[in-house]
Amino acid sequence: MGVTTERQDNTLIAKTEGRIDGANAREFQDALDAAIDSSERQVVLDLEEVSYISSAGLRVILLTAKSLQKQEAKFAVCSLSESIREIFEISGFDQIIAVHDSRDEAIDALKG
Amino acid sequence: MEPPYKILVVDDEPDLEPLMLQRMRRHIRAGRYTFVFAHNGVEALERLNQQDDIDMVLSDINMPRMDGLTLLEQIPKVDPNIRSVIVSAYGDMKNIRTAMNRGAFDFVTKPLDFADLQITIDRTLSHMTEWREALSSRDKLVALQNELNVASQIQQSILPTQFPQGAEFNVYASMEPARNVGGDFFDVLALEDGLIGLAIADVSDKGVPAALFMMSSRTLLKGSAIGMGEPGDVLGEVNQLLHEDNDTGMFVTILYAVYNPFSGEFAYANGGHNSPLIVHPDGSSSLLPLTGGIALGVAPDMPYQQQTLSLAPGDLVFLYTDGVTEAMNEEEEEYGVERLQEVFSANPPKDPHEAIEAVFDSVNDFAGDTPQSDDITCLALHRSES
């Protein structure tokens, strides 16, 4: 479960791919923790290549959102497939985590 | 394993003892080794039986009463983790081979080269340290597995097996646990005035922490359900309680409903859980609308709306966890809601127990031998025909 990063307009974009479930959630968490520095102010998690996310995976995203909130950084997820978006809606996570259609839209929203 | 290591030296040559102590004196003084001596195999076994902290044996082959090769066969019976090094005549390949076949770890040759002997001793001890660490990790794994089994048993033992019954309704629920300890639970509560509380829930993550979180969720839910009437209020309170001091990021999705068996009124609130199905007597079914609540334990002060519908006689409400719809087959396809609905349209359910058995059969047929990573949990309530 690798996480790749790039930077765009002072925003860190973290991206991963495949299934995020109970079997690799810990690995995902470690990779994400390592990718996000405590000095970051804007972080976008790009889920375009993620095919499935279980509740264990949602928990990692929640922990990331909470720790970014502590360091007063802004956080959003973007480019969710229809099934991932449904998971965010059913679980209600879209109420506490900003969800955007595209990377550019997310970056714009965090800048504002 | 920590030094000093205790080494049993077995040799019928009486001069060896002072020689060994003299040559190894620096290591003995540094606290690396201590030595015990025996003059034949019988004495060696006596020492091993008396002192259970001996780490390795250095033994000659030719000795009176019991020779070194016979001793080698006896040592594992005292302690299979002791490693032995044999001292043989130079070039005595036949005895060396026999010794190795009998489990000797290494050999040194006479006349003893003490520098070489020390290297051999250190290599033997370091091998043994790793071996013991591996054994201890294995024991820990077994202990952990036992712990998981206990957690799994606790988890299942708190699920109800007896359900409130009445002429107006019938209710049944069941869980097929995943191989790991999952975090699903359900509950059926007899509330005041003959009302029935129905809950189905799924805790994020697996294992012992999830099982503990699930148990506290279940207790809090039961407490709130008995104390409060409206499903939305119940979820709001449980969310508040679960969120306090929750820095693990763990959360639970819960669908909680209150059913009035006399009017058929079914009020439910959804905290991040998947939608229940309503199944009509003709086998047709539809998903109930979400009520927009977030999973519990995620954030404080979240609103939990509720919806109310009226069950007609013969209607069945089917609550389930995503272990059902996300059950996977060998081709990594998900079972999905459509297959679930087909089970009901093929055999319109008249009884909640039969309905759940039919769903389990269908899911198991679909999944085949593919091991499921999630608990599969169903709860069904049927309003009697008349």
Side-chain angles (χ1 to χ4, degrees), chain A residues 1 17-33 36 38 43 45 49-71 73-77 80-99, chain B residues 178-184 201-207 209-210 213 235 239 243 246-255 269-275 287 289-305 321-323 325-326 328 332 334 336-337 371-375:
Chain A
M1 187 91 263
E17 57 181 18
R19 287 176 59 88
I20 310 172
D21 57 23
N24 61 13
R26 181 121 323 166
E27 207 184 317
F28 175 51
Q29 183 170 356
D30 291 345
L32 207 51
D33 286 350
I36 301 174
S38 61
V43 178
L45 180 63
E49 307 288 333
V50 172
S51 57
Y52 171 79
I53 185 160
S54 77
S55 58
L58 285 179
R59 181 175 157 240
V60 174
I61 294 179
L62 175 64
L63 284 170
T64 303
K66 282 186 170 176
S67 76
L68 284 171
Q69 196 177 16
K70 260 183 213 149
Q71 67 190 60
K74 293 180 184 167
F75 177 63
V77 295
L80 284 65
S81 69
E82 200 182 323
S83 62
I84 304 285
R85 183 176 278 273
E86 201 173 72
I87 290 169
F88 268 73
E89 283 167 5
I90 291 175
S91 63
F93 269 57
D94 59 345
Q95 296 170 39
I96 56 150
I97 291 170
V99 177
Chain B
R179 213 153 32 100
N180 304 323
V181 184
D184 281 10
D202 185 354
V203 171
S204 61
D205 224 337
K206 307 271 180 291
F213 193 80
L235 290 194
N239 177 54
H243 184 262
N246 175 15
D247 49 11
T248 61
M250 246 183 267
F251 58 89
V252 57
T253 69
I254 303 183
L255 192 127
N270 189 333
H273 201 80
N274 40 358
S275 295
L287 289 169
L290 291 170
T291 58
I294 186 171
L296 286 78
V298 172
D301 308 317
M302 299 303 285
Y304 289 91
Q305 308 296 332
T321 58
D322 57 11
T325 43
E326 289 171 8
M328 257 207 274
E332 298 203 347
E334 286 185 0
V337 177
Q372 298 303 309
S373 60
D374 217 349
D375 297 339

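Per chain, numbering begins at 1; letters A, B, ... match sequence-line order.
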Asker: List the atom of A:Arg59, the atom of B:Ser204, and the distance in Å for their closest heavy-atom pair.
Answerer: CD-OG, 3.9 Å
Asker: We want to know whether A:Tyr52 and B:Glu334 form a side-chain donor-acceptor pair, criterion being a heavy-atom distance below 3.5 angstrom.
Answerer: no
Asker: In Å and rounded to the nearest 0.5 Å, what is the CG to OG distance from B:Asn270 to A:Ser91?
Answerer: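 Reported to 0.5 Å precision, the distance equals 10.0 Å.
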Asker: For A:Arg26, I'd like to know if atom CZ has over 12 heavy atoms of other residues, nucleotides or ligands within 6.0 Å.
Answerer: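 No - once you tally the heavy atoms of other residues, nucleotides and ligands closer than 6.0 Å, there are 12 at most.
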Asker: Would you say CD of A:Gln71 has more than 12 non-hydrogen atoms from neighbouring residues, nucleotides or ligands within 6.0 angstrom?
Answerer: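 Count over threshold, so yes.
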Asker: Compare all side-chain heavy atoms of A:Gln95 with those of B:Val298 and state whether any distance is below 4.5 angstrom.
Answerer: no
Asker: Could you state the interatomic distance from CG (A:Asp21) to CE (B:Met328), rounded to the nearest 0.5 Å?
Answerer: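 These two atoms lie 7.5 Å from each other.
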Asker: Identify which of A:Gly57, A:Ala56, A:Ser54, A:Ala25 forms the greatest number of heavy-atom pairs closer than 4.5 Å to chain B.
Answerer: A:Ala56
Asker: Between B:Phe251 and A:Ser55, which heavy-atom pair has the shortest distance, and what is it?
Answerer: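 Reported closest heavy-atom pair: CZ-O, 3.5 Å.
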Asker: By number, which residues in residues 60-70 of chain A have some heavy atom less than 4.5 Å away from chain B?
Answerer: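 A:Leu62, A:Leu63, A:Lys66 fall under the 4.5 Å cut-off.
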Asker: How far apart are the closest heavy atoms of A:Ile96 and B:Ala299, and which atoms are they?
Answerer: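 Taking every non-hydrogen atom into account, CG2-CB, 4.0 Å.
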